[in-house]
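Each remark here refers to the structure printed beneath this line.
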Number of protein chains: 2
Amino acid sequence: MPMSSRPLPRSVRDLTGYELLLSVAELGSIGQAAGSHGMSQPAASARLRQLEADVGTALLERRARGTRLTTAGELVASWAQATVEAASDLAAGIAALRADRHGHVRIAASLTVAEYLLPRWLIALRASDPETVVALDSGNSAEVATSVLAGTADIGFVESPEVASGLSAREVARDELALVVAPSHPWASRRREPRAEELAATSLVSRERGSGTRWALERALREHAGLETAEPLLEVSSTTAIKAAVTGGIGPAVLSARAVSTELAAGTLVRLGVTELDLTRSLRAVWPEGTPLRGPARDLLAIALRGE
Amino acid sequence: MPMSSRPLPRSVRDLTGYELLLSVAELGSIGQAAGSHGMSQPAASARLRQLEADVGTALLERRARGTRLTTAGELVASWAQATVEAASDLAAGIAALRADRHGHVRIAASLTVAEYLLPRWLIALRASDPETVVALDSGNSAEVATSVLAGTADIGFVESPEVASGLSAREVARDELALVVAPSHPWASRRREPRAEELAATSLVSRERGSGTRWALERALREHAGLETAEPLLEVSSTTAIKAAVTGGIGPAVLSARAVSTELAAGTLVRLGVTELDLTRSLRAVWPEGTPLRGPARDLLAIALRGE
DNA sequence: AGAAGACATAGGCACAGCTTATGCACTCCC
DNA sequence: GGGAGTGCATAAGCTGTGCCTATGTCTTCT
């Protein structure tokens, strides 16, 4: 029943050593790497030594002219870079949450956009102008529309099919909903994928009423053949809790495909198609009609449209 | 000229608080989350409080029956999960490097596979059998072939087009090479993509002779029209250093597309096509001919073939 | 041969974070 | 409505990690 990977080993809880490793790869010496992190050379030296002890292999080739990475060092650095980048996304998101209402760009975003797309956009935005301060507010699509209409937000991102009047909209990405079950679930080993009727008749692990994802599923079933969805098997508040319940064998769920990519890769969840049911929706940027976007909000839209 | 994002803020260097947040989302109480991490409830409480202070927003809704996440908490948890997953890949890789020569499966992998594909496979492998111990050795494709032929490795992964005799091979993924330049580079704003002849005549930032990527590019140009590549502009040892040099405006480079996806998304690098040149190569699993794979090595191949 | 650059070692200090013990508030149930 | 139980906060004290400054050693370039 435990879905979560057990706690991270001590050696990867603190990313400082890995950041140093990356800096060494880039700058060519431990001393310079230390400097770029505002710490003394012995401190960096000690952390890197500790890192090598953790890995049990030499990661650095210390020469009189500087330090380079060994093959193993390259490998660890590459893995570390992915981690540091993820942490960087996290930091960008947090910074945006933190700068409540005092930012130069005030963004309102629905959960799916805020979770999976926005951090990268924020980083790209900062790259284009480091001075930009972003304030992020997350809510459901209706709340986002309200914020933008009220002028509380400069630009919004919604996941609902309809766009409130008074707003201009532009699709910036598509989102795919995925039906997932535990590998042990009967559906996972069945020959044929379930039909829409079967899905509608099945109780799912789902989020509370009002969630965009749940609403999109209900709408898709209704439009398909006027199907009403069964009562949820279990209503939980977080995506994490849904995944835990599904993995634990409670029952199937429908989630954004982006939310389950890791679990699918790891094989802890199995994704199923649903016959003849379109589970795709569009994610849109919205802004007040008649007032063209300008400044950082326009830049943000451009970045979002550029895709990734 | 600095390509690297500045150091991570203090608040995201240590992932413990975020792991706790995820555990709270999954388990529903701070106390249980604390337990799952082998720490006392007050310690977890303090860390979570610190996290909320860092974000500047309430992340938790503490009720008498337990604790749930707020909307902001959900958001942070989602970002945190991506980070923790990346750290988990890192940990899996390190564990494999660490278990030198005593593992149940001995894997030899070329850099591209080891960097970008193997960690997920290792996690999936551990999910299918938690007892499996993996020993990883990384080298270039020739070294991998030698290890497998010598019986030093049970299974290998290579990126070279030819497969040594005596080995069975099976493609597990494709790798695409990407020509990248800095946004400020003339090619980035040019109308037409460069032609193969132009690329061959241009000095690139590249890795040392012997690198699989460099070799693949030289081969592609030679096969295209018998073109010989120009002398490198700069030879550096690490992918990180190449990216730094390109971003710094030194010149163009050709790298695995997987290596630059983040930079492309952030707009710090620009990818260009090359007219009429196929820069695709296949990544293959190899094992001794005549002796079918068995045990964990076979499981690993199945996971790799399943893709992601 | 001398000088400079780069990393290692040593000693000492400061602070962050954990544990145990206890207190407080809200629910649930009889 | 009152009592019990669950869950989180607070308090106090201690341990250990990690940093800095100062200095040593080795290599390489001139």
Side-chain angles (χ1 to χ4, degrees), chain A residues 7-55 57-70 72-73 77 236-238 241, chain B residues 7-55 57-70 72-73 77 236-238 241:
Chain A
L8 254 29
R10 208 178 53 77
S11 54
V12 298
R13 284 234 189 91
D14 186 341
L15 301 181
T16 314
Y18 300 99
E19 276 196 280
L20 280 170
L21 185 68
L22 292 170
S23 293
V24 171
E26 188 188 342
L27 301 172
S29 94
I30 294 178
Q32 280 186 269
S36 80
H37 284 256
M39 66 199 290
S40 71
Q41 171 263 314
S45 232
R47 281 208 105 113
L48 288 167
R49 191 185 319 287
Q50 178 60 43
L51 193 59
E52 288 183 298
D54 287 340
V55 182
T57 315
L59 303 177
L60 300 174
E61 199 176 326
R62 285 157 250 246
R63 304 194 53 175
R65 299 279 292 158
T67 299
R68 302 169 86 79
L69 304 198
T70 62
V236 291
S237 66
S238 74
Chain B
L8 254 30
R10 208 181 53 77
S11 53
V12 298
R13 284 232 192 92
D14 187 341
L15 301 181
T16 315
Y18 300 99
E19 278 197 278
L20 280 170
L21 185 69
L22 292 170
S23 293
V24 170
E26 187 188 342
L27 301 172
S29 95
I30 295 178
Q32 281 186 270
S36 79
H37 284 255
M39 66 200 289
S40 70
Q41 171 263 314
S45 233
R47 282 207 106 112
L48 288 166
R49 190 183 318 287
Q50 177 60 44
L51 193 59
E52 288 182 297
D54 288 340
V55 182
T57 314
L59 302 176
L60 300 174
E61 198 177 326
R62 285 157 250 247
R63 304 194 52 175
R65 299 278 290 158
T67 299
R68 302 168 86 78
L69 303 199
T70 62
V236 291
S237 66
S238 74

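Because only heavy atoms are used, hydrogens play no part in the values below, and waters and symmetry mates are left out as well, while side chains stay in. Convention: sequence-line order gives letters A, B, ...; per-chain numbering from 1.
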Nearest-angstrom distance from the residue atom [atom1] of [X] to [atom2] of [N]:
| X | N | atom1 | atom2 | value |
| --- | --- | --- | --- | --- |
| Arg47(B) | dA16(C) | CZ | C1' | 9 Å |
| Gln50(B) | dA9(D) | CD | P | 14 Å |
| Ile30(A) | dA6(C) | CD1 | C1' | 8 Å |
| Glu52(B) | dC8(D) | CD | C1' | 12 Å |
| Leu60(A) | dA6(C) | CG | P | 15 Å |
| Leu59(A) | dC7(C) | CG | C1' | 16 Å |
| Leu20(A) | dA6(C) | CG | P | 17 Å |
| Arg68(B) | dG7(D) | CZ | C1' | 15 Å |

key: Presence of Arg65(B) side-chain N/O under 4.0 Å of dC28(C) phosphate oxygens OP1/OP2   = yes

dA9(D) phosphate, OP1 or OP2, under 4.0 Å from Arg62(B) side-chain N/O = yes

Would you say the side-chain atoms of [X] pair up with the backbone N or O of [Y], donor to acceptor, closer than 3.5 Å?
| X | Y | value |
| --- | --- | --- |
| Ser11(A) | Asp54(A) | no |
| Glu19(A) | Pro7(B) | no |
| Glu52(B) | Leu59(B) | yes |

message = If you assign Ala43(A) and Ala64(A) each to the DNA chain D nucleotide with the nearest heavy atom, which residue ends up on the more 5' nucleotide?
response = Ala43(A)

request  = Specify the residue among Pro42(A) and Asp14(A) whose closest nucleotide of DNA chain D lies further upstream toward the 5′ end.
outcome  = Asp14(A)

task = Show your reasoning for whether side chain to side chain contact (heavy atoms under 4.5 Å, CB included) applies to Leu21(A) and Leu69(A).
result = CA-CA 8 Å; Leu21(A) 185 68; Leu69(A) 304 198; 3.8 Å; yes

query = What pair of heavy atoms forms the shortest contact from Ser36(A) to Ser23(A), and how long is it?
reply = OG-OG, 3.7 Å

From [options], nucleotide with atom closest to [X] side chain:
| X | options | value |
| --- | --- | --- |
| Arg49(A) | dC8(D), dA8(C), dT27(C) | dA8(C) |
| Ser45(A) | dA8(C), dA11(D), dC29(D) | dA8(C) |
| Thr67(B) | dT9(C), dG7(D), dT28(D) | dG7(D) |

query = Is Ser29(B) touching bases, backbone alone, or none of the nucleic acid, heavy atoms closer than 4.0 Å?
reply = sugar-phosphate

query = If you take atom types as modelled and just measure distance, does the side chain of Gln41(A) reach the base of dA6(C) with a donor-acceptor pair under 3.5 Å?
reply = no

